[in-house]
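Accompanying notes for the structure given below.
Any value given below was found using the heavy atoms of this structure, including those in side chains, with hydrogens, waters and symmetry copies removed. Every chain is numbered from 1 and lettered A, B, ... according to where its sequence line falls, protein lines coming before strand lines.
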Protein chains: 2
Amino acid sequence: MSLAADSADKPTLYKRIRADIEKRILTGEWPPGHRIPFEHELVARYGCSRMTVNKALSELAQADLIERRRRAGSFVRRPQHQSAVLKIADIRAEITALGRGYGYELISRKLRAATAVDRERLGVRKAGKVIAISCRHSADNVPFAVEDRLIDLSSVPSAATADFSREPPGSWLLHHVPWTEAEHTISAIVADDRTAEALDIAIGAPCLVIDRYTWRSARTITAVRLLYPGDSHRLVARFKGG
Amino acid sequence: MSLAADSADKPTLYKRIRADIEKRILTGEWPPGHRIPFEHELVARYGCSRMTVNKALSELAQADLIERRRRAGSFVRRPQHQSAVLKIADIRAEITALGRGYGYELISRKLRAATAVDRERLGVRKAGKVIAISCRHSADNVPFAVEDRLIDLSSVPSAATADFSREPPGSWLLHHVPWTEAEHTISAIVADDRTAEALDIAIGAPCLVIDRYTWRSARTITAVRLLYPGDSHRLVARFKGG
DNA sequence: TACGATTATATGTCTAGACATATAAGTCAA
DNA sequence: TTGACTTATATGTCTAGACATATAATCGTA
């Protein structure tokens with residue numbers, strides 16, 4: 001019944017208040033829509049100032065666990081946006097993390113003025129230079145994914161001199177272009193003859209396709225298409241809060 | 001040069017401070033590793049109390065945009081975990097949001113004691129009752145996805161009396177089971193004869209597979225496998241933060 | 001009954017202090 | 001040079017107030 005935990009704690013008071021409330025929400029004791037105690041009630045219960053309680057509630061609100069409404073109170077939020085955190089690591093890091101030997105092979109690299117197709121793929125209007133890269137990643141010498149990438153040189157001029165024969169472009173970009181936004185589109189296809197050969201699978205075998213479009217501050221950086229053998233590779237996403 | 005915006009603003013001061021800093025980070029003006037001004041410097045710059053600055057910085061820290069280190073200062077964070085927010089809406093909501101007509105068809109519903117296969121799929125040890133559901137979702141009368149679901153009745157007893165002939169189990173669960181965690185595995189297969197018929201596609205056509213495993217507080221709730229036609233359906237994920 | 005004005009109230013923001021604490025940096029001795 | 005000790009400092013938390021503001025509830029009126 002009592003909110004306050006009397007045990008001697010290391011965590012600070014506002015963190016304890018936040019954890020207490022979070023626990024009640026996560027266990028379902030306070031279901032979506034439930035009104036949590038008013039600030040002044042929590043102040044009385046924990047014997048602290050309003051700012052301390054306010055900090056705890058503000059953080060819960062920032063984490064979308066509760067919703068605060070003036071005059072009405074604070075309420076447990078309904079699982080609103082069913083979303084998942086999809087971990088799409090840099091492929092080299094991903095393979096290394098699995099404890100497998102990473103292999104990289106540059107198939108082609110072309111620096112050219114952007115064609116109409118390039119511009120459409122990057123979603124830009126102005127003509128400029130681009131780098132088109134095709135490469136293959138492998139794990140323990142087994143093909144893992146083939147990559148087909150376009151980099152907008154006007155956004156990332158330094159890419160022109162990067163050595164993509166040794167370092168995969170995804171890894172290079174990750175370390176040279178900070179704070180990007182991206183959009184992923186996931187779909188499935190069956191392997192055509194070229195894809196089948198590159199991935200060493202049968203023609204007609206299923207492939208998982210990830211199209212990623214990356215930008216920073218409304219500025220296109222790169223567009224990439226990744227093809228994985230569909231039956232071997234798995235994307236794992238964990239989500240919380242829905 | 002000046003951090004302060006002199007224009008008459010609606011937003012409160014701490015929000016303006018936060019936005020100012022966020023902008024500098026997102027534009028790359030303050031790259032990863034850059035030390036942002038000390039609290040006392042911002043206090044001087046904005047002419048406010050330390051608590052106001054502290055609130056702005058605390059929120060940036062909670063959003064993982066900056067890292068705060070005692071005695072050292074606050075630093076722009078490196079794009080650390082390459083992750084994406086994958087929106088996987090409830091299928092009915094997803095189709096409705098697209099402005100298309102939603103159709104639902106219950107194929108089978110069985111209430112049974114959990115078999116060994118069921119227990120393994122749910123990741124539970126104890127035997128108990130489960131509901132096995134097979135159903136199909138359609139958009140404008142075109143098959144959209146087929147669903148094969150298992151619900152652990154010991155976790156969700158009320159599911160036993162739910163009417164799944166009219167409401168899809170995913171929607172029902174979303175509204176009756178709050179705050180869950182889930183793990184998604186995405187892969188690709190080619191359609192076998194049964195799948196091909198259910199989705200009205202050719203045998204051997206690509207299919208996108210989502211396996212979702214949902215629990216709450218270490219308690220399994222449901223395991224579901226969704227099959228989408230691979231060339232028509234697209235999962236879109238946006239991510240932000242490196 | 002329906003609508004408009006008033007009021008009460010919970011949250012939102014802010015201040016000017018305080019003490020705690022982790023730790024970078026400097027100091028000094030072995 | 002290395003290690004141990006000290007100190008300065010930036011952040012972390014907290015208080016006891018204040019006024020602002022959105023809005024649910026109430027009351028009065030058409």
With the criterion being N/O to N/O and under 3.5 Å, what pairs connect the protein with nucleotides 12-16 of chain D, and how long is each?
residue, atom, partner, partner atom, Å
D:dG12, OP2, B:R68, NH1, 2.5
D:dG12, O4', B:R70, NH2, 3.0
D:dG12, N7, B:R50, NH2, 2.8
D:dG12, O6, B:R50, NH1, 3.2
D:dT13, OP1, A:K15, NZ, 3.2
D:dC14, OP1, A:L13, N, 2.6
D:dC14, OP2, A:Y14, N, 3.2
D:dT15, OP2, A:S49, N, 2.9
D:dT15, OP2, A:S49, OG, 2.9
D:dT15, OP2, A:T52, OG1, 2.5

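Within the 4.0 Å cut-off from OP1 or OP2 of D:dA10, not a single side-chain nitrogen or oxygen of B:S74 is found.
Nucleotide C:dA22 holds its C1' atom 14 Å from the CZ atom of B:F75, rounded to whole Å. Between B:E41 atom CD and D:dT9 atom P there is a gap of 13 Å when expressed in whole angstrom units. Between the CZ atom of A:F38 and the P atom of C:dA8 there is a distance of 17 Å, given to the nearest Å. Atom NE2 in B:H40 sits roughly 11 Å away from atom C1' in D:dT11 (whole-Å rounding).
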### Query
Going through the checks in order, is the salt bridge (Lys or Arg N to Asp or Glu O under 4.0 Å) test met by A:E22 and A:K15?
CA-CA 10 Å; A:E22 197 168 334; A:K15 280 183 181 162; over 6 Å; no

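Cation-pi check for B:R92 over B:Y104 is not met; the charged atom does not lie both under 6.0 angstrom from the ring centroid and within 45 degrees of its normal.
Here the side chain of A:T220 pairs a donor or acceptor atom with the backbone of A:L122 at under 3.5 angstrom. No side-chain donor-acceptor contact under 3.5 Å links B:S154 to the backbone of B:G128.
B:D140 and B:Y102 share no side-chain donor-acceptor pair at under 3.5 Å.
Residues passing the side chain to side chain contact (heavy atoms under 4.5 Å, CB included) test with A:E147, sequence neighbours excluded: A:C135, A:H137, A:R149, A:P169, A:V224, A:L226.
For D:dA10, the base has no donor-acceptor partner in the side chain of B:R71 [N/O atoms by modelled type, under 3.5 angstrom].
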